[in-house]
Amino acid sequence: MFTYILRRTLLMIPTLFLISVIAFAVIDLPPGDYLTSYVAQLEAQGAVVSEEQILALQKRYALDQPAHVRYLNWIWRIVRYGDFGQSWNWNRPVRELLAERLPFTIGVSVTTLVFTYLAAIPIGIYSAVRQYSWADYIFTTAGFLGLAVPNFLLALVLMYVFYRYFGVSIGGMFSPEFRDAAWSMAKFRDLLNHLWVPIIVIGTSGTASLIRTMRGVMLDELGKDYVQTARAKGLSEIVVIVRHAAKVAVNPIISVIGWTLPQIISGEAIVAIVLNLPTTGPLLYQSLLTQDMYLAGSFIFILSALTVIGTLLSDILLAWIDPRIRFDREG
Amino acid sequence: MKEVDDILQVRNLRTYFRTDNGLVRAVDRISLGVRRGETVGIVGESGCGKSVTALSIMNLVRPPGRIVAGQILYRSGDGSTTDIAKLHPNGRQMRSLRGNNIAMIFQEPMTALTPVYSIGDQIAEGVMLHKKLTRRQARERAIEILGKVGIPSPEKRIDDYPHQFSGGMRQRAMIAMALSCEPEVVIADEPTTALDVTIEAQILRLMKEMQSQLDLSIIMITHDLGVIAEMADRVNVMYTGKIVEHAQTDDIFYNPKHPYTLGLLQSIPTIGDKRRLTPIRGAVPNLLTLPEDVCYFAPRCPYAMEICAQAEPPMYQVGTAHQCKCWLYEGNEVVAV
Amino acid sequence: MTSKLLEICGLKKYFPIRRGLLRRPAGYIRAVDDVSFFVRQGETLGVVGESGCGKTTMARCVLRLIEPTEGSISYWNRAGEQIILNRLNRQELKETRRDIQIVFQDPFSSLDPRMSVFDIISEPLRLHRIGDHRAQAERVAELLELVGLKAYHMDLYPHEFSGGQRQRIGIARALALNPRLVVCDEPVSALDVSVQAQVINLLRDLQEQMGLTYMFIAHDLSVVEHISDRVMVMYLGKVVEIASSEALYLTPKHPYTEALLMAVPIPDPRRKVKRLPLEGAVPDPSNPPGGCSFHTRCPYSTKVCRTSEPVLMELEGEPDRFVACHHASEITLTGWAERLSRG
Amino acid sequence: MNTDQSLPTTQTKHSLTIDWEDVKPKSSSQGQLMFRRFRKHKLAVAGLVVLCLFYAVAVFNGFVATSDPAKRNSSYVYAPPTLPRFIDHEGNFHFRPFVYGLKSRIDPDTWERVYEIDHEKRHSLSLFVRGDKYRILGVFESDLHLFGTADGAPLFLLGTDSLGRDMYSRIVAGTSISLTIGLIGVFLSLVLGLLIGGLSGLVGGTTDLVIQRIIEILASIPQIPFWMALSATVPASWSPVQTYFAITIVLSLLSWTRVARVVRGKFLALREADFVMAAYAMGAGNWWVIIRHLIPNFLSYVLVTVTLTIPGMILGETSLSFLGIGLKPPAISWGILLQQAQNMRTIALRPWLLLPGVFVVIAVLAFNFVGDGLRDAADPYTSNRF
């Protein structure tokens with residue numbers, strides 16, 4: 001088990017390296033020198049930029065060096081100083097912006113993930129056990145729809161429906177009065193009141209595909225011999241389904257966190273833009289529109305790295321739950 | 001058929017499967033009885049309905065299959081009789097019989113155990129349910145029974161998971177599980193087919209030992225006539241969902257009456273005999289394409305007559321406790337069921 | 001005595017088990033461990049053993065479907081020249097493959113589901129560029145008749161046949177190039193009893209008609225014994241005994257052979273004999289016991305069995321009989337005859 | 001043993017041969033079987049029909065549209081949909097469908113333009129009318145339209161946008177880009193996936209390990225942010241055609257991993273199949289085995305994967321264009337059309353601007369159904385016997 005975790009953790013290093021290269025490519029790819037555009041922007045705002053300042057910036061980001069040196073410089077600053085560079089747009093260190101926004105992204109994503117699983121597993125089990133019943137058809141249809149409706153469209157429709165019929169605006173994460181308030185019980189309650197919309201919107205497609213997977217795996221498991229053995233013991237159907245078939249079927253479902261998580265983080269980015277949530281998504285979007293590339297690249301890097309870590313955690317969780325994997329990967 | 005001491009009586013059982021491609025009469029009007037302490041064999045080739053028969057007796061047939069008619073009478077030790085075919089498959093009454101009075105051993109010891117629970121937990125589960133024991137007592141019982149079926153140091157192995165056991169050990173664990181609640185009837189569905197010969201011999205010996213210790217009635221389902229010869233007291237030969245011959249084991253092997261039984265016997269090679277085999281021509285037909293009310297063996301039968309393609313033969317009494325479903329014995333007494 | 005067709009010397013096939021941080025091979029499964037034997041022209045050599053004893057791996061090495069780790073495989077071609085199979089280059093190998101063919105166990109996975117029967121049986125002809133389409137069709141029809149099917153079956157697809165019929169198609173394919181040696185890898189174990197007999201008879205008839213040599217692999221001792229002239233018994237990747245099939249069942253010389261014979265259920269209720277089933281299971285092939293690999297289950301084992309490995313040796317006074325047991329000449333084993341006479 | 005027993009012979013002659021089940025010479029290949037199984041899947045067939053329709057529209061969009069999608073009508077800005085009717089406001093039935101004209105006035109309070117139905121003006125609809133000129137596939141010029149108002153009055157079935165352009169015609173025009181971007185993207189993914197997956201499965205060893213890792217890494221990258229970042233780097237100065245291809249490449253950069261995984265998996269599974277072993281034993285080389293056995297056998301699975309990859313790409317393009325970092329006007333795609341629906345106020349007042357989304361949903365659903373049906377049909381050896 002320990003070797004397994006160690007091996008998986010070590011394998012993460014090349015993964016993170018590759019992701020960082022991609023992220024750096026995003027920073028480096030746009031034509032033109034961002035320093036130039038930064039200076040141009042500053043000057044447009046009426047600021048005077050001195051020659052020394054420009055030189056200092058050039059040195060800090062190694063802009064006069066070839067690409068690989070610039071990459072090494074970038075990554076070194078991240079590892080050594082936690083310095084992700086400067087956001088030209090906000091004129092603040094990217095690190096600060098990350099620290100502000102990332103907790104919300106993680107919070108929304110994890111809550112959505114939990115919601116997705118909590119909703120999908122029982123529904124999947126039910127659909128499989130009552131295969132071809134009307135409930136199964138409804139869930140299947142809903143599932144297909146959930147897959148087909150783009151996240152942002154669902155958000156728009158929900159916003160329209162709530163605005164039109166209830167007169168409520170459902171964007172944002174807090175009501176205006178709490179937006180800048182300090183954390184309190186009331187603020188937390190307000191957060192919960194807002195949170196369910198993005199969770200449902202982001203979670204729909206994930207839940208839909210997860211229901212289908214769960215249903216499929218469950219149907220497979222229900223056809224296996226050990227289920228009949230359990231029935232032959234005289235166990236009641238509910239015990240057979242929950243304690244035996246479902247327990248085995250849940251394992252492959254946990255292993256698909258690996259692709260549910262990217263999906264959720266992906267969905268979160270776009271939904272947050274539509275619903276105007278204070279997470280990384282809108283910031284990433286703005287940074288892309290304004291070519292604030294250090295901010296964009298760092299976001300891509302951090303989001304991907306988070307996904308990779310999430311996947312690793314789910315794999316370890318799986319190995320811990322399933323005795324077959326636990327023993328298989330022991331050595 | 002003397003019915004008085006039968007612990008289990010199957011009468012005119014029909015189990016049909018309604019598939020997309022048509023109706024499959026997997027078990028079609030079969031009758032058989034099992035006496036206390038004896039081993040009744042059911043032998044036949046793949047697809048003849050022997051496994052469905054086993055599942056029907058356990059009332060474990062799953063949709064699209066269903067018991068459509070017939071009786072499965074179980075006479076328990078206190079003299080009361082239950083018709084299993086009438087019980088709801090998931091009802092309380094059926095569940096209290098399953099595992100407790102009638103237990104089953106499955107073919108694939110690899111897939112027949114839940115992979116995520118330890119062997120001990122899986123045995124204890126049934127014991128706790130039927131014998132109302134505490135977890136600790138059930139565990140004691142599981143260790144005891146595992147030792148009985150020949151698992152070395154059962155107190156250590158009880159916490160192992162199925163994949164840590166070898167094939168033979170898993171089948172021993174299956175047997176332990178089946179016997180844990182001291183059932184009266186055990187249905188063994190091809191219990192040794194997935195095992196190597198040397199392990200098969202161990203398992204068969206174990207089953208015999210257990211039978212004499214616990215006074216079990218065993219229904220032995222297999223395609224292997226060797227296993228039947230070794231284990232069964234009486235044999236039912238099945239073909240395409242019907243029992244075509246029933247007799248004492250000795251009679252089946254030395255005085256077979258049905259052409260199919262004879263064909264099977266002549267098809268198996270025996271050690272020390274190099275003479276050319278006499279196979280049955282053709283192959284087992286697809287149950288979907290069969291016409292009704294004929295003898296299904298007729299196309300492969302060297303003795304086929306006009307009538308075989310026109311009407312289904314009844315079961316004839318052809319000797320002491322020997323019945324055969326074949327037109328060759330027209331004129332003999334017809335067995336009523 | 002006819003000449004040798006195939007001789008295997010010191011054949012080994014090890015599969016690495018990768019473990020740990022770097023997935024380095026931590027050990028090896030010795031699927032085939034130093035196996036030597038020969039097959040004579042025109043005979044049937046049966047190979048028998050429990051699952052995991054290496055019989056299938058051995059067969060695939062002979063056909064060079066997998067590369068052996070060590071050892072040599074010699075084959076004598078029609079001109080009588082000796083060819084070392086595992087030293088051939090690709091082109092030479094292709095030529096030799098016309099002579100050596102294989103019939104598989106599973107009649108479902110051995111036929112490409114997307115090919116018609118004609119495509120399947122004519123594939124070897126097309127591969128070796130034999131004949132034009134018409135000649136190939138004629139040959140396929142001929143082969144179908146030979147294995148007891150009809151010529152019009154060539155337009156059908158495998159899924160339209162029963163298991164036995166499929167196995168016949170597999171046999172027809174193996175015979176298309178007029179091979180000399182056919183390796184039959186459990187050709188009847190997936191079939192029903194009544195159909196199994198048909199295929200066994202078919203294989204025997206074909207052997208007679210075409211002068212084929214068979215290497216017949218099975219786990220069912222009675223089938224192997226029925227069809228073979230000589231039988232080779234394998235245990236944990238090693239050969240423990242080779243003998244003519246009569247000698248093998250009448251007077252087995254290796255305790256494992258005896259145990260196998262004793263374990264086979266006899267389809268005869270009046271011959272219920274005291275069986276001495278072998279205790280325990282086959283040890284882990286990645287960690288075989290030292291000395292004689294059978295000593296853990298052998299009722300006759302002594303100290304020497306635990307420490308030194310017996311060599312497969314020809315028995316004195318019994319030519320053509322090879323046994324790998326330290327006590328082959330000392331202990332008397334209950335053969336089949338004795339088992340029956342006790343009844 | 002006792003094989004000499006035999007049964008009593010009766011007087012009847014025992015030579016009757018009955019043949020119920022000899023295989024009849026009717027052959028059906030796996031392809032035919034697959035088609036038959038696919039036909040059983042009603043939703044999949046429906047999906048296929050819808051897709052055929054959509055693609056026909058994509059090719060003949062000028063003909064199906066009622067007007068030039070770029071034509072502005074300054075007097076009909078944000079006009080609501082006018083649906084064809086058979087019964088007029090007085091309750092009379094008309095055999096020919098018609099639409100009413102629109103009256104507009106400026107709301108004195110909000111200064112918004114408000115539309116009302118003008119019962120005075122009734123324009124009946126007819127098939128094959130002449131109207132704006134268009135080109136089919138950029139070559140054939142025509143002015144024939146599938147339907148329109150008989151008198152040539154403007155027709156806004158699904159309303160108009162901020163410039164008074166007909167939404168119906170724009171949605172129809174958007175079909176070409178929205179539906180083909182997925183196809184071309186999937187083609188790129190397929191080529192990449194087949195090559196890389198095949199290489200991985202065939203060569204094995206270290207190559208396989210490295211490719212596996214790369215696939216894992218790419219699969220762990222959240223798609224949308226990655227797509228956003230890459231499309232943002234597409235220079236704004238590029239022509240619509242260049243942007244179109246750039247976006248296609250961006251979309252397929254992450255999607256090929258799915259195809260590659262399926263190809264590799266099938267490759268590995270099939271390589272061990274007995275019929276492949278048999279081919280090697282006959283003397284076949286790698287190429288023979290790949291071309292005759294492997295490819296025909298995994299093609300159906302690849303088809304399934306490809307069908308299920310397209311919807312993701314359609315959604316991707318829609319999302320990117322919606323955010324304004326994918327395709328840009330004057331190109332017309334469903335995503336671009338949805339851009340106008342970003343603003344809460346606009347949606348509340350003009351919900352018909354969300355309509356392109358409905359078409360996205362229908363197209364994606366149809367692809368999913370077809371993919372599902374293909375998956376069920378692709379598996380040989382199911383439901384043949386019994």
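Below, each value reflects all heavy atoms present in this structure, side chains not excepted, and no hydrogens, waters or symmetry copies. Each chain gets a letter, A, B and so on, in the order its sequence line appears, and its residues count up from 1. The model shown is predicted, which means the values in this text are computed figures rather than measured ones.
Summarising the geometry, atom CG belonging to D273(B) is positioned 8.0 Å from atom OH belonging to Y249(C); distances are rounded to the nearest 0.5 Å. Here the CG-OG distance, from D284(C) to S166(B), works out to 11.0 Å after rounding to the nearest 0.5 Å. To the nearest 0.5 Å, atom CD1 of residue I268(B) and atom NE2 of residue H226(C) are 11.5 Å apart. Here the OG-CG distance, from S51(C) to L195(B), works out to 9.0 Å after rounding to the nearest 0.5 Å.
By number of non-hydrogen pairs under 4.5 angstrom with chain B, the leading residue of D205(C), I200(C), D220(C), I227(C) is D205(C). Looking only at heavy-atom pairs under 4.5 Å with chain B, the residue among V199(C), L191(C), V193(C), V224(C) that has the most is V193(C). The candidate from G167(B), G263(B), G282(B) with the greatest count of non-hydrogen atom pairs under 4.5 Å with chain C is G282(B).
Taking all atoms of both residues into account, the shortest heavy-atom contact from E45(B) to D192(C) is OE2-CB, 3.1 Å. For the residue pair G280(C) and I199(B), the shortest heavy atom distance occurs at O-CD1, 3.7 Å. When all heavy atoms of P269(B) and V223(C) are compared, the pair lying nearest together is CG-CG2, 3.8 Å. Among all heavy-atom pairs drawn from I266(C) and E230(B), the shortest one is N-OE1, 4.5 Å. The shortest non-hydrogen separation linking S194(C) to R300(B) is OG-NH2, 2.9 Å. The minimum heavy-atom distance between D268(C) and A229(B), with the atom names listed, is N-CB, 3.4 Å.
Contact check on R276(B) versus E208(C) returns no salt bridge, with no Lys/Arg side-chain nitrogen under 4.0 Å from an Asp/Glu carboxylate oxygen. Contact check on D229(C) versus K274(B) returns no salt bridge, with no Lys/Arg side-chain nitrogen under 4.0 Å from an Asp/Glu carboxylate oxygen.
Side chain of Q198(C) to backbone of I280(B): a donor-acceptor contact under 3.5 angstrom is found. Under a 3.5 Å cut-off, the side chain of D196(B) and the backbone N or O of E50(C) do not form any donor-acceptor pair.
Using a 4.5 Å cut-off between heavy atoms, S189(C) makes no contact with chain B at all.
The closest side-chain heavy-atom distance from V197(B) to L221(C) is not below 4.5 Å. By the 4.5 Å heavy-atom criterion applied to side chains, L277(B) and Q196(C) are not counted as neighbours. Considering only heavy atoms from C-beta on, P279(B) stays 4.5 Å or farther from V195(C) through its side chain.
For the pair R270(C) and Y254(B), the cation sits on the ring face: its NZ or CZ lies under 6.0 Å from the ring centre, inside 45° of the axis.
Of the residues L225(B), I228(B), V227(B), the one that meets the side-chain contact (heavy atoms from CB on, under 4.5 Å) test with P265(C) is V227(B).
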